Amino acid sequence: MQQQYPFREIEQSTQQQWDKSNAFRAEPDQSKPKYYCLSMFPYPSGKLHMGHVRNYTIGDVLSRYHRMKGFNVLQPMGWDAFGLPAENAAIQNKVPPAQWTYDNIAYMKKQLKSLGFAIDWSRELATCQPEYYKWNQWLFLRMLEKGIAYKKTQVVNWDPVDQTVLANEQVIDGRGWRTGALVEKREIPGYYLNITGHAQQLLDDLDKLPGWPERVKTMQANWIGKSVGVRFAFTHDIRDNGQLIDDGKLWVFTTRADTIMGVTFCAVAAEHPLATLAARSNPELAAFIDKCKQGSVMEADIATMEKEGMDTGLTVTHPLTGEQVPVWVGNYVLMSYGEGAVMAVPAHDERDFEFAKKYGVPIKAVIQPGEGEREKGEGKNHTPSPPAGGEGRGEGASPFTLHPSPALPFVEHGVCVNSDKYDGLNYEAAVDAIAADLKAKSLGDKQVNWRLRDWGISRQRYWGCPIPIIHCDNCGDVPVPDDQLPVKLPEDCVPDGSGNPLNKREDFINCTCPKCGKPAKRETDTMDTFVDSSWYYARYATSTAASGFSDKAMVDAETNHWMPVDQYIGGIEHAILHLLYSRFWSKVMRDMGLVNYDEPFANLLTQGMVLNHIFSRRTDKGGIEYFAPEEVELVHDEHGKVTGAKLLADNQPVDFQGMGTMSKSKRNGVDPQALIDQYGADTARFFMMFAAPPEQTLEWSDSGVEGSHRFLKRVWNFGHALSTEAPTELPAKLNGSLASARREIHSTLKQANYDLDRQQFNTVASAAMKMLNAVEKVQKDAEADWLGVAREGFSILLRMLSPIAPHITQTLWKKLGYGDDILQATWPQPEESALVQDEIELVIQVNGKLRGSMTVARTADKSAIESMAVAHPSIQKYLEGVSVRKVIVVPNKLVNIVVG
RNA sequence: GCCGGGAUGGCGGAAUUGGUAGACGCAGCGGACUCAAAAUCCGCCGCCGCGAGGUGUGGGGGUUCGAGUCCCCCUCCCGGCACCA
């Protein structure tokens, strides 16, 4: 009779034991290597979603594996608790955001606990707690003192839906990153952090992160966007009401100063002052400018968009030649980058070339391929020039031949021609000489341009960390003194959608000026929530030994013990913003002597999204109606191939739209709670690990979940069966089939250990299944001494599986008498003696094609194997009428007989 | 358009350095047990072919005794982006 797999009881009781014994409490221990494993903390939105389950299971598997390998593991958890959803919920339910947030935290914490994660809950924090955000405020004041934080009034991105300012990074294609609303421009004072001051370091230190995915580093480097060039001015005498515009200088930035002698026009952005002036007397131009401003900002459109422009009729003076250069308005020039104006060299720039051809602007070639440089491809196929220092020596480069007139535009580096005194100079020399000449005329110099902008952190929102500033009529903006921190956010406000409720809280606003003592007003702006998440990992790592986190210091010596995070796990969606801000914040804290690390996250794992089927149907009205997967049944043909799907309710077909991320609108979400309730935490965890490698997307599958559950049931039943036998030790000598079963177990373990170290958990789960198949077979064959092999194999299986399915493995570990606590067990290692074979099966190939196999002694030498293979009966027919040219022996693998 | 990453059975996915393609699971098919069903267990399962055999990792070429893996060209898919001067 089969014993039921009572997952509810065993999961509950195991979790209670862990709670009672404080099993996952982490204290520094110098005798062991530390392993700080961190998953990105969740926003307490109400309940966990599948992405959380996947994220935290990956972290937990890594934590538990390292713990059993002898590391001193810290795995904390907390809550990214400030933010807009709480305010939106408040508007809807008339509940204060604080209450909503704390309720959600309580529920989600219960869910996390029910998944059995090995978390040190004594280090739990929520960013909306004054004990935490006090230190946001404190560090902000330090930054203010050092000029890293400053106030300015600037045109900002205003999200009309959220009624707040957005950082440049939070504007995607002209729309708010959260709301998708079209962003408006508004002038508003706010506080900024000088992240651009760290741009070079943030770029350089990416090289210190070999444990980060390459693509994340590329994304960050692109975002920082360093470009080295020359900033210089064309001069002019263009006046508006007698007032010289921009002091008579049209500034431009170029990375190709070597082409300056080829300038045939300038192009300015639609918002440029020269454009504005010219438009005033030219309605046609005004209309064009309006069109440019409305132009699509969608990336895909823009890439294929026609380059358009219009002559302003204005001219400026070339700083080196003194020639008059016409000024055009171009739809491809952006006011927000560089100077909002460019010099145009059609001969050596793709866009300028296209533009000049279209409008008949002259094209003047001033660069030719240099010595050893070859024109690559034809016409428009421009591959980048070889890296600097390579002197352009391409493999197989033929001796230099003249390239009198390369196809234009020629955009690679070369040698100046047609450029007076610069003729013959290569790129570097020409840029140096030209920059020097411009500098001598006070009309320019070398400059580095960054795409990265300073980080605006002011938000006109209630549910965030108050900015600790007091506005005094006498003294201006006065920082709140340290001893008055934290500036506490009142927790009983209920936003009604009409702006920041703090503006109506007299008890919050009214205060006395710390400087002059007169009545003053508090700042009501709060900080961007990316501030909160920029250092939470360091706070987790501070000492909590006394009784919780210190209120005396932001971080302490223990922070430096645990940091940096050895493994950070989270979604790719944070590849730029959160990770860049955290890196910046760490560098600021380091510069202030608060911490001793350069980079907060040594290794980064970006887990893939969780997808599910999307089913839909066109409605009569032309809309699209979505159906949840459980309302739909797949239709197969006789081979099991899916041919369609139908709705259970009406038996009519529905459209299968492929796989997509789980979302409410597509109705394809699966609630983790239902999964846990029906199958248990171990099944949920196992399926998450089994279905795909961590970095790839994971496709939801109900039958996959059932398969995972079925496997754990088999583990349980096998454990139960073993427990009815009296324990036996592994015998000293094994017969052939038991030895081979044991070899299967140990070689599977060897592979699993390799896979664990490369974080490929799906094949570790497979290995566990394979191992169960092996021990079940041993049991079924029931040869003498089977029990010893089965017990050893099962003890390996339980330990190997325990990071993924910790409850069932702990329960069986104890039940079978292997030990009291599997957490204290050592990680299994394959025994080399179990892996050796006396006889090896070799594959025989003829001309690389599989033709047979044979068994040889382990000790057989090469020539013996060769002659055995050639003499093997099953391949004789392939050797008839041909002669054996040679025989290749790959040890332990195969023999290839080459004939011809 | 540019930069990354991909493409392997009906499906999810395996295959350390080039060495038996398809591990493990799902789905499917057949069988056992059952009055029956569920559950469970056993077997089959890339494609073509009765079979011998042929063929097969998006397509085409190449290197090699041997290519999913390396090189060249092409197609498609997914992510990211900056018309960045």
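The shown structure was predicted, so the numbers you read here are calculated from the model rather than taken from an experiment. Hydrogens, waters and symmetry mates are skipped; everything else that's a heavy atom, side chains included, is used. Letters go in sequence order (proteins before strands), and every chain restarts at 1.
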query = When rounded to the nearest Å, what value does the distance between C1' atoms of B/C70 and B/U57 take?
reply = 16 Å

task = Return the nearest nucleotide to the side chain of A/M769; candidates are B/A85, B/G4, B/G25.
result = B/G25

query = Base, sugar-phosphate alone, or nothing: which one does A/E841 contact when heavy atoms must sit under 4.0 Å apart?
reply = nothing

note = B/C2 -> Watson-Crick or G-U wobble partner, both distances under 3.5 Å, gives B/G80

note = A/L206 CG to B/G4 C1', in whole Å, measures 15 Å

ask   = Quick one: on RNA chain B, does A/S227 or A/N847 contact a more 5' nucleotide (nearest heavy atom)?
value = A/N847

task = Whole angstrom is fine here: how far is it from CD1 in A/I576 over to P in B/A82?
result = 8 Å

ask   = For A/R851 and B/G54, is the shortest distance between a side-chain N/O and OP1 or OP2 below 4.0 Å?
value = yes

request  = Please determine if a side-chain N or O atom of A/R231 lies less than 4.0 Å away from the OP1 or OP2 oxygen of B/A85.
outcome  = no

query = If you check the A/W223 side chain, which of B/A23, B/A82, B/C26 turns out closest?
reply = B/A82

ask   = CG/A/N331 to CD1/A/I289 distance, rounded to the nearest 0.5 angstrom?
value = 12.0 Å

query = In whole angstroms, how far is the C1' atom of B/G79 from the CD1 atom of A/I572?
reply = 8 Å

request  = Could you tell me whether the phosphate oxygens of B/G53, OP1 or OP2, come under 4.0 Å of any side-chain nitrogen or oxygen in A/K877?
outcome  = yes

remark   = Syn within 90° of 0, anti beyond: B/G12 is anti

ask   = Base, sugar-phosphate, or nothing for A/V898, non-hydrogen atoms under 4.0 angstrom?
value = sugar-phosphate

message = Would you say A/N773 places a side-chain N or O within less than 4.0 Å of OP1 or OP2 belonging to B/G25?
response = yes

remark   = Among the nucleotides B/G53, B/U20, B/A15, whichever has the atom closest to the side chain of A/L894 is B/U20

request  = Look up atom OG1 in A/T683 and atom CG in A/L675, then write down how far apart they are to the nearest 0.5 Å.
outcome  = 7.5 Å

key: Proximity to the side chain of A/F253 - top-ranked nucleotide from B/G25, B/A14, B/A85   = B/A85

query = Which is true for A/V333 with a 4.0 Å heavy-atom rule: it touches a base, it touches only sugar-phosphate, or it touches nothing?
reply = base

query = Under 4.0 Å between a Lys/Arg side-chain N and an Asp/Glu carboxylate O for A/E354 and A/R351?
reply = no

ask   = Can you list the steps and then say if A/I434 with A/V230 is a side chain to side chain contact (heavy atoms under 4.5 Å, CB included)?
value = CA-CA 9 Å; A/I434 287 164; A/V230 173; 5.8 Å; no

ask   = Is there a side-chain polar atom (N or O) of A/Y754 under 4.0 Å from OP1 or OP2 of B/A15?
value = no

request  = Looking at every strand, decide which applies to A/R758 at a 4.0 Å heavy-atom threshold: base, sugar-phosphate, or nothing.
outcome  = sugar-phosphate

ask   = Should A/Q760 be listed as having a side-chain N or O under 4.0 Å from OP1 or OP2 of B/A15?
value = yes

task = Give A/G707 one of three labels, base, sugar-phosphate or nothing, depending on what nucleic acid heavy atoms sit under 4.0 Å from its own.
result = sugar-phosphate

task = Measure the CD1-CZ distance between A/I614 and A/F656 for me, rounded to the nearest 0.5 Å.
result = 8.0 Å

query = Looking across every strand, which nucleic acid part, if any, lies under 4.0 Å from A/Y878 by heavy atom: base, sugar-phosphate, or nothing?
reply = sugar-phosphate

query = Can you check the A/L772 CG to B/A23 P distance for me, whole Å?
reply = 18 Å

request  = Return no unless some side-chain N or O of A/R710 is found under 4.0 Å from OP1 or OP2 of B/A27.
outcome  = yes

message = Nearest to the A/N896 side chain among B/C26, B/G66, B/G13, which nucleotide is it?
response = B/G66

inquiry  = Looking at A/T697, I'd like to know whether one of its side-chain N or O atoms comes within less than 4.0 Å of OP1 or OP2 on B/C78.
reply    = no

request  = Find the distance A/F690:CZ to B/C24:C1' and express it as a whole number of Å.
outcome  = 5 Å

ask   = Should the ring pair A/H578 and A/H574 be called parallel, tilted or perpendicular, given that the plane angle runs from 0 to 90° and is split at 30 and 60?
value = perpendicular

inquiry  = Just the rounded figure in Å: distance from P of B/C11 to CD of A/E706.
reply    = 20 Å

message = Does the structure show a Watson-Crick or G-U wobble partner for B/G25, both distances under 3.5 Å? Name it, or say none.
response = B/C11

ask   = Can a side chain N or O of A/K849 be found less than 4.0 Å away from OP1 or OP2 on B/U55?
value = yes

query = Can the ring centres of A/F690 and A/F711 be said to be less than 6.0 Å apart?
reply = no

ask   = CE of A/M219 versus P of B/G5: gap in Å, rounded?
value = 14 Å

Atom-pair distance (CG on A/N222; P on B/C81), nearest Å = 9 Å

ask   = Which of these nucleotides, B/A85, B/U20, B/A14, is closest to any side-chain atom of A/T763?
value = B/A14

task = Just compare B/C65, B/G79, B/G13 and give me whichever is closest to any side-chain atom of A/K886.
result = B/C65

